[in-house]
Amino acid sequence: MANSERQADEILALQSIFDRTFRLTNENQYEILIEFDLCTSFTIQLDNKISTVQYLPPLSLIINYHDEYPSDHPPSFILSCFYFSKIDLEKLSQKIDNFWFIRGEVCVYDWIELIKQEITNQFIIRTKEVFRNRLQSCSICIDIIPGIDCIRLHRCGQFYCRTCLNHYIRMTLENGKFGENLLCPQDHCKQVLLPTEIKQTIQNEKLYERYERLTLQHGLESMKDIVRCPR
Ligand SMILES: [Zn+2]
Ligand SMILES: [Zn+2]
């Protein structure tokens, strides 16, 4: 098969895979916007401002075909993305350059997979590390503590030091509040603490079992169609 046919086939395939993020700019050149799946959101702190990241803007990959692709050489490409430094983009380009090219075989889809993988490994994990090592301030005692000793509530993003949150949970449990009534300590915050957050904070099996038992019991009582077994 001639190079031009293989190129046309690859364009058709990529067009059907990437659909609205694929754009043909001229007959030898196209742009693909590469999107990233963040399975969980994460928090970053920049200039004392804490933000939760749930979505990353796409990275742009421009591919330029030439007469010797795919028979002899890979196509040329340009990567651009505003939140990566020039060095990061150069490193990523180098990885693509070093990617094993098989003569006669198209490679753009594999490149995209490589880019996604690299970005998840490098950028996202590194950003999480930044959070863990940065200092955070507890919303109760206002102490400054390293991110790693801090608990960030998943539902509202509030930070607490383990000591304060532990104290709060124990007090609240003693006052007979559990399950859907165990809310984030922040005034006016109506978010419920997750069972995993409670477990991680109190680190006390017995107390946690009590919390689970009370929550279950309460849940069952609130279901009208359940009748207690008399035995
Ligand atoms: Zn605290
Ligand atoms: Zn909250």
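The structure displayed is predicted, hence computed values, not measured ones. Worth knowing before you read on, the calculation uses all heavy atoms, side chains too, and leaves out hydrogens, waters and symmetry mates. All ligand and atom numbering here is 1-based and tracks the order in the structure. Position 1 is the first residue of the sequence; numbering continues from there.
For residues 7-16, every residue pair satisfying the side chain to side chain donor-acceptor pair (under 3.5 Å) rule, not counting sequence neighbours, is listed here: Glu10-Tyr65, Glu10-Tyr69.
When the side-chain contact (heavy atoms from CB on, under 4.5 Å) test is applied to Ser60, the partners found at least two apart in sequence or on another chain are Glu31, Leu33, Ile62, Ser80. In this structure Gln186 satisfies the side-chain contact (heavy atoms from CB on, under 4.5 Å) test together with Ser139, Gln158, Tyr160, Cys184, Cys189, sequence neighbours excluded.
Listed for the His66 side chain is a donor-acceptor partner under 3.5 Å among the backbone atoms of Pro74. Under a 3.5 Å cut-off, the side chain of Arg155 and the backbone N or O of Val192 do form a donor-acceptor pair. Within the 3.5 Å criterion, the main-chain N or O of Asn26 finds no donor-acceptor partner in the side chain of Gln29.
Rounded to 10°, the angle formed at the Zn ion (ligand 1) by Cys161 SG and Cys141 SG is 120°. Take the Zn ion (ligand 1) as the corner point: the lines to SG of Cys164 and to SG of Cys138 open at 110°, to the nearest 10 degrees.
Below 30°, between 30° and 60°, or above 60°: for Phe18 and Tyr109 the angle between ring planes is between 30° and 60°, a tilted geometry.
Taking distances strictly below 2.8 Å, the protein N/O/S atoms close to the Zn ion (ligand 2) are Cys156 SG, Cys184 SG, Cys189 SG.
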